[in-house]
Amino acid sequence: MSRPVITSIDDLKRLYRRRAPRMFYDYCESGAWTEQTFRENTSDFSDIRLRQRVAVDMSDRSLRSTMIGQDVAMPVALAPVGLTGMQRADGEIKAARAAEKFGVPFTLSTMSICSIEDVAEHTSAPFWFQLYTMKDQDYLRRLIERARAANCSALVITLDLQILGQRHKDLKNGLSAPPKLTPKTLADLATRWSWGLEMLGTKRRGFGNIVGHVTDVGDPASLMSWTAEQFDPRLDWSKIAQIKEMWGGKVILKGVLDPEDAKMAAKMGCDAIVVSNHGGRQLDGALSSIRMLDPILQAVGGQTEVYLDSGIRSGQDVLKALAMGADGTMIGRAFVYGLGALGEAGVTAALEVIAKEMDTSMALCGKRDIRDVSRDILMVPEDFSGRWQAP
Ligand code: GLV
């Protein structure tokens, strides 16, 4: 079968939709409750326009940059995404390999299917490990030790998911890893035979970082059960400081959406923060990440690197975030679409699409180096960040 021509992230999304079981497509493609924040994360990007410039030398262009001091082929890291190994067999390994070959960081989620050790064994570049803080302190300590033993180069602590925002479809679909075989899931899986064949060929079908390491969970296959029973709802800044101390390496704090929280994060001396609302999957009604970027940049005043995640579906979106002042970005769904569509080659395709869009758009804005883009390539509505005021 010849490979379809892929020209956009949307092409990958269409293929992914046809190939992945409905339950996992829905898991990826949902926001919390009314999905307002999920929708606005992407639609707010189109409120910002790019400024076309002409008659400038556009030879010798570069997308290269650094993130937390690491060289990157472009400032786009793969975000941590739970259950990635259910979108495609061994999905985390495939995505990590694509990221390594492309030269961008890969972040492994605590709620991954492939374990830290699995990914380390099948890659050579150090990856970042995303940590959810659990009530079980012993387990937490061991998880951090495992990330250290696997040579992970940063700990990404997620701050916006101590309890789970409700995504209606996951409840209706009975989301679980592996999927439970009911008449509804069987009917769906029957039309997803290539997914199923690949899944039969792997042993990795449960939550690899936690099954066998934690006990007392009602249903070990359910993300809802894990979060409700294990995640620590008492997480506060002092606990974050303790974890940072325990880890002793680079720390990225993900899920900051408010200037006050950004100041706290910067004060702790983290290496980067990620302006994120978890892809619109947590607090429905929160403003989009791109709208909150400017006030957060002003609040931290260069004390820490600032990355943006939530809503990026193109190289133009990355360019806009960087021109607004972000030091880097993260993509979640955009790479999952690629993975579900074409496996490792699809993740590579997603990265290539984004790089090409970013490179061409940067040139048409009159710039040759991604590290030189700034506000002067943007046209931003006057009230873009200021229409909503916190008290
Ligand atoms: C977990 O990270 C989720 O958003 O489902």
Side-chain angles (χ1 to χ4, degrees), residues 20-39 41-42 77-87 91-92 95 106-116 119 128-134 143 155-179 206-211 214 217 219-233 235 252-257 274-286 288-289 309-312 330-337 339-340:
R22 190 72 206 190
M23 174 188 293
F24 300 118
Y25 175 85
D26 282 349
Y27 169 68
C28 167
E29 206 44 29
S30 292
W33 288 285
T34 70
E35 302 192 327
Q36 177 187 32
T37 301
F38 169 58
R39 285 189 300 276
N41 276 337
T42 47
L78 300 200
V81 179
L83 282 78
T84 294
M86 279 289 124
Q87 303 292 359
E92 291 89 359
F106 170 76
T107 319
L108 183 72
S109 166
T110 295
M111 301 309 292
S112 58
I113 303 300
C114 302
S115 68
I116 304 175
V119 175
W128 297 351
F129 180 66
Q130 175 269 338
L131 185 78
Y132 278 128
T133 50
M134 308 270 177
L143 197 55
L155 197 64
V156 179
I157 308 175
T158 296
L159 304 181
D160 60 358
L161 197 150
Q162 294 315 113
I163 53 171
L164 198 64
Q166 180 168 307
R167 301 100 191 227
H168 302 317
K169 288 183 204 140
D170 292 349
L171 291 171
K172 295 197 164 100
N173 290 336
L175 174 75
S176 68
F207 291 106
N209 289 324
I210 45 189
V211 172
V214 169
V217 177
D219 177 1
S222 159
L223 177 72
M224 280 72 115
S225 296
W226 284 115
T227 47
E229 292 165 37
Q230 298 287 338
F231 286 23
D232 184 2
L235 181 70
I252 300 172
L253 297 179
K254 177 169 178 288
V256 174
L257 201 69
V274 187
V275 177
S276 169
N277 51 39
H278 215 102
R281 301 163 72 78
Q282 287 294 96
L283 179 63
D284 187 37
S288 66
S289 291
D309 130 313
S310 302
I312 292 178
M330 287 185 131
I331 53 166
R333 292 186 179 91
F335 93 78
V336 171
Y337 300 160
L339 178 73

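As the structure lists them, so they are numbered: ligands from 1, and atoms in each ligand from 1.
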Do other residues, nucleotides or ligands put more than 12 heavy atoms under 6.0 Å from the CD1 atom of Ile163?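 Count not over threshold, so no.
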Side chain to side chain donor-acceptor pair (under 3.5 Å) partners of Arg333, counting only residues at least two apart: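 Arg333 satisfies side chain to side chain donor-acceptor pair (under 3.5 Å) with no residue once adjacent residues are dropped.
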Going by the rule side chain to side chain contact (heavy atoms under 4.5 Å, CB included), which residues pair with Lys169 if we only count those two or more places apart in sequence or in a different chain? Asp26, Ser30, Glu35, Asn173
Close residues, ligand 1: non-hydrogen atom nearer than 4.0 Å: Tyr27, Tyr132, Leu161, Arg167, Leu223, His278, Arg281
First locate atom CG of Asp284, then atom CZ of Arg167, and finally report the distance between them rounded to the nearest 0.5 Å.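 The CG atom of Asp284 sits 11.0 Å away from the CZ atom of Arg167.
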When rounded to the nearest 0.5 angstrom, what distance separates OG1 in Thr84 from CZ in Phe335? 4.5 Å
All ring pair (Phe, Tyr, Trp, His ring centres under 6.0 Å) counterparts of Tyr337, not counting sequence neighbours: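 Residues passing ring pair (Phe, Tyr, Trp, His ring centres under 6.0 Å) with Tyr337: Tyr16.
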